[in-house]
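Notes for the one structure printed next.
Chain letters run A, B, ... following the sequence lines, proteins first, then strands; residues in each count from 1.
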Amino acid sequence: MNGTKTRKIAAVYVDVAAEGTDKLFDYEVPDDLVGEVRIGSRVQVSFGSRKRMGYVAGFPESTTAPRLKPILGLMDLVPPLTPELVRLSEWVARTWLCPVIHVLHAMVPAVLKGRYQRVLSIPPDGETSVLLSEGESHLFSLLREKGELLQEEALALPGVTRPLLRRLVEEGRLSVEERVGDGITSRRRTWIGPAMDAEVLREAAEELPSQAFRQREVLNFFLKHPEDILLSHLLAALGISRSTVDRLTEKGLLRREEREEYRDPYVDRSFNRSRPLPLTSEQQQAFDAILVPLRQRKDHAILLQGVTGSGKTEVYLQAISETLEMGRQAIVLVPEISLTPQMVERFKGRFGSQVAVLHSGLSGGERFDEWRRIQSGEATVAIGARSAVFAPFTDIGLIIIDEEHEGSYKQEETPRYHAREVARRRCADHGAVLVMGTATPSVETYFRARTGGYQWVTLTERVHGRPFPQIEVVDMREELRAGNRSIFSRPLSDGLTACVNRGEQAVLLLNRRGYSTFVMCRECGGTVECPRCDISLTYHRTNGTLRCHYCGHAEGVPKSCPTCGSIHIRYFGTGTQRVEEELAKRLPGLRVIRMDVDTTNRKGAHEKLLTAFGEGKADVLLGTQMIAKGLDFPRVTLVGVIAADTMLHLPDYRAAERTFQLLTQVSGRAGRHEMAGKVVVQAYTPEHYSIRMAAAYEGEPFYREECRTRKRHRYPPFCGMFKVLMSHPDRGALMQAAHQTARSITPLLPSGTELLGPVPAPIPRIKDRYRIQIMIKYDNHIDEESEWVDALRRLRTGHTDPNLRVSVDREGF
DNA sequence: AGCACGCCGACT
DNA sequence: GTCGGCGTGCTC
């Protein structure tokens with residue numbers, strides 16, 4: 001430490017994501033920023049020869065750095081992150097093996113990510129009459145024309161290279177400015193109001209020269225409506241120009257004010273104010289279970305396992321209400337918020353503008369506004385998809401994860417993280433209660449509840465005591481034997497007819513994953529595959545093309561088999577379009593709403609289709625998984641699952657769990673209100689325990705069986721797993737890299753930790769890139785600082801082949 | 001990630 | 001001899 005004068009040092013995560021930069025760099029805090037710069041502040045710093053933004057993570061007493069550069073500037077008045085979130089980002093980075101700066105970026109709205117520009121211009125005293133190379137003449141003529149140029153634009157010119165630019169700068173013939181900024185579109189709008197009281201205004205209006213009738217008009221307007229008005233509205237209302245208003249503000253009669261505008265995406269909608277509903281005794285018990293640790297401010301986790309229709313949401317609402325009364329804040333995580341408008345409405349209805357909603361459908365500005373309402377303390381409840389777990393609250397009392405088992409809580413790109421695990425961590429930091437609600441917990445969560453890690457509370461009754469629908473499993477092999485070659489079994493077909501004749505609605509679920517319409521040759525059995533991915537092309541009737549699900553490749557349908565030339569090729573499998581056609585054939589005049597990737601591409605399309613169905617504008621809702629989520633349509637009395645076992649045979653240890661969850665969830669959609677429901681599940685392997693037990697409402701036996709299976713094959717929750725996925729356009733290079741990786745890691749592994757592979761990934765090629773994976777299974781808790789974990793951490797960037805891509809996934813803990 | 005430094009081949 | 005290729009190493 002410098003003994004002569006005390007320096008204030010800030011440790012900064014600089015916005016450069018690389019292996020060597022994923023650490024803290026110390027900077028000197030200039031005198032005028034001492035006290036302003038805080039943990040979580042965004043600052044501008046010089047880094048090497050560049051200027052970048054960074055996040056302040058701490059203020060060390062001393063430094064080992066050979067020299068300290070000063071912090072160049074503070075980017076926000078209020079730090080975008082709290083100290084707790086900075087510590088959390090370090091934990092997430094350590095746990096999911098990624099650079100801290102990636103996590104920090106994921107915690108704030110995208111508009112706060114740094115934007116960097118390097119701008120070139122001609123200095124005022126720059127010489128011009130020098131011999132010019134080709135690049136120089138291009139550069140200078142363009143610069144004279146435009147005044148300034150981005151460095152990347154300059155480098156695109158012929159003959160312009162980095163060394164040339166450097167030389168020009170050294171010679172003083174070119175100047176470079178680094179600009180660091182962010183994409184905040186601060187929507188400040190001008191408001192106008194009276195600056196004097198009515199008496200004064202009236203006098204002033206009379207004293208105005210007679211020709212100033214516009215000004216008089218404005219004053220009269222404010223005499224009638226003394227409240228503030230948006231400048232733009234005032235101008236439009238009176239048909240005047242801004243200068244008139246300016247005159248009056250200059251005279252001090254009117255007052256103008258720049259106000260931050262919050263763009264409330266829900267502003268045009270009315271929400272029905274809702275009151276707390278009386279709780280059933282089961283709900284009351286669940287509520288009490290939350291209340292005890294909440295009041296004690298104790299870090300506590302509860303699995304709230306409640307059947308569909310058991311009224312979990314009301315329990316959430318009342319627990320949140322209690323949290324807010326304690327002066328604390330609450331986060332509600334939902335799987336995909338655009339699919340749960342009903343849920344959002346209930347929260348807004350109960351808590352009004354205290355609710356901030358964060359979802360992917362918002363524009364960057366809207367998202368920023370909602371986030372800032374959380375940050376400023378204006379909002380005390382945050383509801384949103386997984387990233388809402390990072391809501392910048394300072395005193396969290398309660399975090400709710402609805403539909404805890406949903407896969408969307410896991411982020412599949414860097415920074416990879418699981419919102420449930422992050423929520424657990426935040427609850428520990430805040431002394432908060434975590435409530436995980438679901439009818440069908442993930443096997444991991446079930447196991448933790450079972451073994452005492454979580455408190456386990458169940459809701460077994462439906463709120464209005466309605467019976468569960470009867471589930472009929474149909475063996476499609478027998479249907480075939482009986483001569484029924486249709487997509488629809490006789491029970492489903494009959495049920496559908498009866499349901500529609502009664503004027504009721506039906507939901508048909510087609511589990512498209514791994515099962516869609518493809519083209520197959522009847523002579524040689526060959527299918528038409530994507531030229532760039534190892535996967536069959538899917539037939540799209542709308543435009544008569546074959547399309548690749550993974551890369552978007554599209555081609556026409558061949559008239560003959562590309563392999564053997566036979567003309568006997570035909571479509572196989574079942575897509576939603578095909579089901580729709582078959583429905584039209586079978587029940588003419590039937591009104592069908594189809595929900596799949598084709599019909600829900602556009603923003604807000606989901607909501608529109610669901611609303612239309614809810615309003616009874618169709619008899620049948622036909623769709624993929626997305627329709628199984630928490631929707632509540634009172635007139636649905638029949639649910640049909642076209643093929644329950646399509647995902648059962650995927651190479652994924654979660655296949656059985658997913659099947660069970662889907663069938664249970666979708667069954668809950670039938671007969672939720674006055675009418676009794678019925679569920680028909682079609683399957684080719686109805687004897688599989690996931691289908692059998694879902695149909696029999698045997699949840700507990702299913703989880704026990706699944707745990708036994710997982711234990712036997714060593715899968716989570718009986719081990720933790722890292723999955724290394726490597727991809728490369730060259731198969732040979734990939735094989736070599738993968739084997740090299742396996743060879744280098746294997747000797748580092750402690751006993752009890754095993755490396756499996758390398759083996760081809762479930763989809764061995766996507767977009768002309770071959771894919772190979774390595775799995776590492778370990779027991780218990782691991783030391784994140786150990787050599788082998790560090791080696792995994794380095795895998796992503798620690799190679800020199802630009803064509804090689806590596807991702808490291810972690811699950812199971 | 002960039003960008004400097006540094007050591008090698010192909011031109012003026 | 002100089003320009004410019006990309007390997008290596010550093011950025012408080």
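Look at A:Asp15 and A:Arg52 and you find no salt bridge, because none of the NZ, NE, NH1 or NH2 atoms lies under 4.0 Å from a carboxylate O. For the pair A:Lys410 and A:Asp809, the salt-bridge criterion is met [side-chain N within less than 4.0 Å of a carboxylate O].
Side-chain contact check for A:Glu84 and A:His430: at least one donor-acceptor pair (N or O, by modelled atom type) lies under 3.5 Å.
Here chain A contacts DNA chain C (any atom closer than 4.0 Å to a heavy atom, that is under 4.0 Å), and the contacts span C:dT11 to C:dC12 from 5' to 3'.
Note on A:Arg67: only backbone sugar-phosphate atoms sit closer than 4.0 angstrom, heavy atoms only; bases stay farther off. Across all strands shown, A:Tyr27 has heavy atoms under 4.0 Å from sugar-phosphate atoms exclusively, and none from any base. Across all strands shown, A:Ser46 has heavy atoms under 4.0 Å from sugar-phosphate atoms exclusively, and none from any base. A:Lys51 comes within contact range of no nucleotide atom at all, as no heavy-atom separation falls under 4.0 Å. A:Ser49 comes within 4.0 angstrom of the backbone, heavy atoms only, and of no base.
A:Arg50 has its CZ atom 4 Å from the C1' atom of B:dG2, to the nearest Å. One can place CD of A:Glu19 at 12 Å from C1' of B:dA1, the figure rounded to the nearest angstrom.
Applying the side-chain contact (heavy atoms from CB on, under 4.5 Å) rule to A:Thr746 yields the partners A:Leu755; only residues at least two apart in sequence or on another chain are considered.
Within 6.0 Å of CD on A:Glu787 lie no more than 12 heavy atoms contributed by other residues, nucleotides or ligands.
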Can you list the steps and then say if A:Arg654 with A:Glu444 is a salt bridge (Lys or Arg N to Asp or Glu O under 4.0 Å)? CA-CA 11 Å; A:Arg654 295 206 139 93; A:Glu444 281 95 333; 2.4 Å; yes
